[in-house]
Amino acid sequence: MTIIEQALVAKNPSKRSEDGIVATADFVAVVDGSTSKSLVRCHRDFALRSRSNGELAMLIVSACIKKLPANSSCHQFCQKATNAIRSKYKKSMLDHLASHPEDRLTASCIVFSRLRREIWMIGDCQCLVGDNYFDNPKPYEQELAERRAEIITASPKPWDHFLDNDTARAAIIPRMKETIQQQNKTYSVIDGFPVAEKHVRIITLDFQPWQVVLASDGYPFLCPTLAESESRLEAQRLNDPLNIGAFKATKAFAAGNNSFDDRAYVRFTV
């Protein structure tokens, strides 16, 4: 494997990214920690209280990948990453977390295994294999994005209002928390509870040379080069910063931010 280019950018320049990139001799991965929808902190390490739930989930999963044996299967990885996150929970919180997935440490990830020549897509992530595009979106994300766009379009308030104070996103948060109840039921994530592996997407590469791009969902248009992906993102920011047009999202390009979400991109050859 040869890394050609990579980028890791926080949406807010003053904060740390909840996305991460891992590259070892045997694996290349992008890990996307989920933005917390709750103020609950369920982990037992007081020293990490300054980190968001999403960042902490990303760091735990990234550390797991770095120690993963080269011959690990996707199933084995899911088990190890799940156990790694579960080990950080306070035992007194486990019953609460079983029924409140919105409070869990949660991450999506996409992992390439050199030995198995497989791409594992766990949760909301995307990739290019040559000219072929693959994703694994959450089943309710588009519904929520459409509802947010409807609220903004129908509002008498100027659209700039939503860049400073996205009350339309606030309006969909209750529904978003409802859909999170389906976490690891109708879609897969790493969250310290058994991964719904039937919703993990596995792509197997043959043994011809391939160029591969792995990315988080912070890129609305995934392109074969980083420069082109960044250019399309910038065009989106200039033309539709609220993300309510042809591309709809549950977040806007908030004032002061360089994007609507953290983003990670890595391109390599195998």
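Heads up: numbering here begins at 1 and tracks the sequence.
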Could you list the residues that satisfy side-chain contact (heavy atoms from CB on, under 4.5 Å) with [X], not counting sequence neighbours?
X: Pro69; result: Asn71, Ser72, Lys80
X: Asp124; result: Ser108, Pro137, Lys138, Asp217
X: Ala168; result: Arg148, Ile151, Ile152, Phe162, Asp166

If two hydrophobic side chains count as joined below 4.5 Å and joins carry through other members, does [X] share a cluster with [Y]?
X: Ile4; Y: Val213; result: no
X: Leu233; Y: Ile244; result: no
X: Met58; Y: Tyr89; result: yes
X: Ile85; Y: Val200; result: yes

Can you measure from [atom1] ([X]) to [atom2] ([Y]) and round to the nearest 0.5 angstrom?
X: Ser34; Y: Ile180; atom1: OG; atom2: CD1; answer: 8.0 Å
X: Arg116; Y: Asp26; atom1: CZ; atom2: CG; answer: 11.5 Å
X: Thr106; Y: Glu102; atom1: OG1; atom2: CD; answer: 9.5 Å
X: Leu56; Y: Leu105; atom1: CG; atom2: CG; answer: 5.0 Å
X: Gln181; Y: Ser99; atom1: CD; atom2: OG; answer: 7.5 Å
X: Thr82; Y: Asn184; atom1: OG1; atom2: CG; answer: 7.0 Å

Hey, mind stepping through Ser229 and Phe221 against side-chain contact (heavy atoms from CB on, under 4.5 Å) and telling me if it holds?
CA-CA 6 Å; Ser229 298; Phe221 310 103; over 6 Å; no
Closest non-hydrogen atom pair between [X] and [Y], with its separation:
X: Ala29; Y: Val111; result: CB-CG2, 3.9 Å
X: Arg104; Y: Asn53; result: O-ND2, 4.4 Å
X: Lys11; Y: Phe260; result: CD-O, 3.6 Å
X: Val9; Y: Ser17; result: O-OG, 4.3 Å
X: Leu222; Y: Ala215; result: CD1-CB, 3.6 Å
X: Glu118; Y: Thr204; result: CG-OG1, 4.0 Å

Under the salt bridge (Lys or Arg N to Asp or Glu O under 4.0 Å) test, which residues partner [X], sequence neighbours left out?
X: Glu178; answer: Arg175
X: Glu141; answer: none
X: Arg201; answer: none
X: Glu150; answer: Arg147

Strictly distance-based, threshold 3.5 Å: is any side-chain N or O of [X] a donor or acceptor partner for the main-chain N or O of [Y]?
X: Asp19; Y: Arg263; answer: yes
X: Gln76; Y: Ser73; answer: yes
X: Arg86; Y: Gly192; answer: yes

Give me each pair satisfying side chain to side chain donor-acceptor pair (under 3.5 Å) with a member in residues 152-165, each pair once, sequence neighbours excluded.
His161-Thr167
Which pairs count as side chain to side chain donor-acceptor pair (under 3.5 Å) when at least one residue sits in residues 57-69, sequence neighbours excluded?
none
Check this for me: Asp95, atom CG, are more than 12 non-hydrogen atoms of other residues, nucleotides or ligands nearer than 6.0 Å?
no
Would you indicate whether Asp131, at its atom CG, is surrounded by more than 12 heavy atoms from other residues, nucleotides or ligands within a distance under 6.0 Å?
no
State, yes or no, whether a side-chain contact exists between [X] and [Y] at a heavy-atom distance under 4.5 Å.
X: Cys223; Y: Arg232; result: yes
X: Cys109; Y: Phe77; result: yes
X: Phe27; Y: Arg114; result: no
X: Glu5; Y: Thr225; result: yes
X: Asp191; Y: Gln183; result: yes
X: Val189; Y: Val195; result: no
X: Leu128; Y: Pro224; result: yes
X: Ser52; Y: Glu55; result: yes

Any side-chain donor paired with an acceptor under 3.5 Å for [X] and [Y]?
X: Ser216; Y: Tyr265; answer: no
X: Arg267; Y: Gln211; answer: yes
X: Asn243; Y: Arg237; answer: no

Among pairs that include at least one residue of residues 171-201, which meet ring-ring contact (aromatic ring centres under 6.0 Å, His included), considering only residues two or more places apart or in two chains?
none
In the hydrophobic cluster built from side-chain contacts under 4.5 Å, what are the other members alongside Val28?
Met1, Ile3, Leu8, Ile21, Val30, Ile110, Phe112, Ile119, Met121, Val129, Phe134, Ile203, Leu205, Trp210, Val212, Leu214, Val266, Phe268, Val270
Applying side-chain contact (heavy atoms from CB on, under 4.5 Å) to Asp32 and Asp262, what does each step give before you reach the verdict?
CA-CA 8 Å; Asp32 181 353; Asp262 299 331; 6.0 Å; no
Kindly determine whether Ser14 and Asn12 satisfy side chain to side chain donor-acceptor pair (under 3.5 Å), including the steps that lead there.
CA-CA 5 Å; Ser14 66; Asn12 185 332; 2.7 Å; yes
Report, one line per pair, each donor and acceptor closer than 3.5 Å where one atom sits in a side chain of residues 245-257; sequence neighbours left out.
| unit_1 | atom_1 | unit_2 | atom_2 | d |
| --- | --- | --- | --- | --- |
| Lys248 | NZ | Gly245 | O | 2.8 |
| Thr250 | OG1 | Arg169 | NH1 | 3.4 |
| Lys251 | NZ | Thr35 | OG1 | 3.3 |
| Lys251 | NZ | Asp261 | OD1 | 3.4 |

